[in-house]
Amino acid sequence: MKYWLMKSEPQVFSIDDLEKAKNQTTFWDGVRNYQARNFIRDEMKVGDKVIFYHSNSEPPAAAGICEIVKEAYPDFTAFDPDNPHFDPKSKIDSPAWFMVNVKFVKKFSTIVPIEEMRNNKKLINMQLLKRGNRLSVMPITKSEFDEIVKLGK
DNA sequence: GCCAACGTTGGC
DNA sequence: GCCAACGTTGGC
């Protein structure tokens, strides 16, 4: 089993939105970066655990946990010219972009702000904290996952 | 609101 | 294939 961290802007889609979603499940659409796409398409498996991270929020923070419940399939929002994530490069018979379904597991009783992660020796190697990081989907280790869960409670 | 860092685009 | 210009991300 692998462990991941996925970013979402809470004003667009938050951990609360996931908790309230039908079956507490949603499709993770809109990833338009090749490195992130490759993680989604090639490495995410059902049962993998994911830290749900709130980016562009005050404060930016890990907010909870979800898990992969459906492996990669074409991101259909790329096919829809009216969708903000539309990408004419992605064709139905040769999709460029993929998504997975995730299911709510828990919301942290205490969010874990990025600053707290920066100050934690066990977390300092995470790609999230690397200078200039813009990746929205990234792998983390089991010990990093466990440490964040411990802090978030 | 600012701006550094980064990925993508397009002219050559 | 290079690289300058541009748009976006996302912390601060």
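Letters A, B, ... are given to chains in the order of the sequence lines, protein chains preceding strands, and every chain is numbered from 1.
Looking at heavy atoms from C-beta onward, A/K45 lies in side-chain contact with A/D48 at the 4.5 angstrom threshold. Side-chain contact between A/N120 and A/L151: present, with at least one pair of heavy atoms (C-beta onward) separated by less than 4.5 Å.
Straight-line distance from the OH atom of A/Y53 to the C1' atom of C/dT9: 12 Å, rounded to whole Å. Between A/Y34 atom OH and B/dG7 atom P the separation is 13 Å, expressed in whole Å. In this entry the distance linking CD of A/E9 with P of C/dT9 reads 7 Å, nearest Å. When the P atom of C/dG11 is taken as reference, atom NE2 of A/H54 falls 12 Å away, rounded to whole Å. Protein atom CG of A/N33 is 14 Å distant from nucleotide atom C1' of C/dG10, rounded to whole Å. Atom C1' of nucleotide B/dA4 and atom CG of A/N56 are separated by 14 Å, given to the nearest angstrom. Distance, A/L135 CG to C/dT8 P: 18 Å, rounded to whole Å. Rounded to an integer number of Å, the gap from CD of A/Q35 to P of C/dT9 is 16 Å.
Side-chain proximity of A/K7 to B/dT9, C/dG10, C/dG11: nearest is C/dG10. You'll find that the side chain of A/K89 is closest to B/dT9, out of B/dT9, C/dG11, B/dT8.
To the nearest 0.5 Å, atoms CD (A/E67) and OG1 (A/T25) are separated by 9.0 Å.
For DNA chain C, the neighbouring residues in residues 110-118 of chain A, judged by any heavy atom under 4.0 Å, are A/I114, A/R118.
No chain of hydrophobic side-chain contacts below 4.5 Å, direct or via other Ile, Leu, Val, Met, Phe, Trp or Tyr residues, connects A/V31 to A/M99.
Among A/R41, A/R32, A/R37, the one residue that satisfies the side-chain hydrogen bond (donor to acceptor under 3.5 Å, both in side chains) test with A/D75 is A/R32. Exactly one of A/Y53, A/F39, A/F52 qualifies for a ring-ring contact (aromatic ring centres under 6.0 Å, His included) with A/W4. That residue is A/F39.
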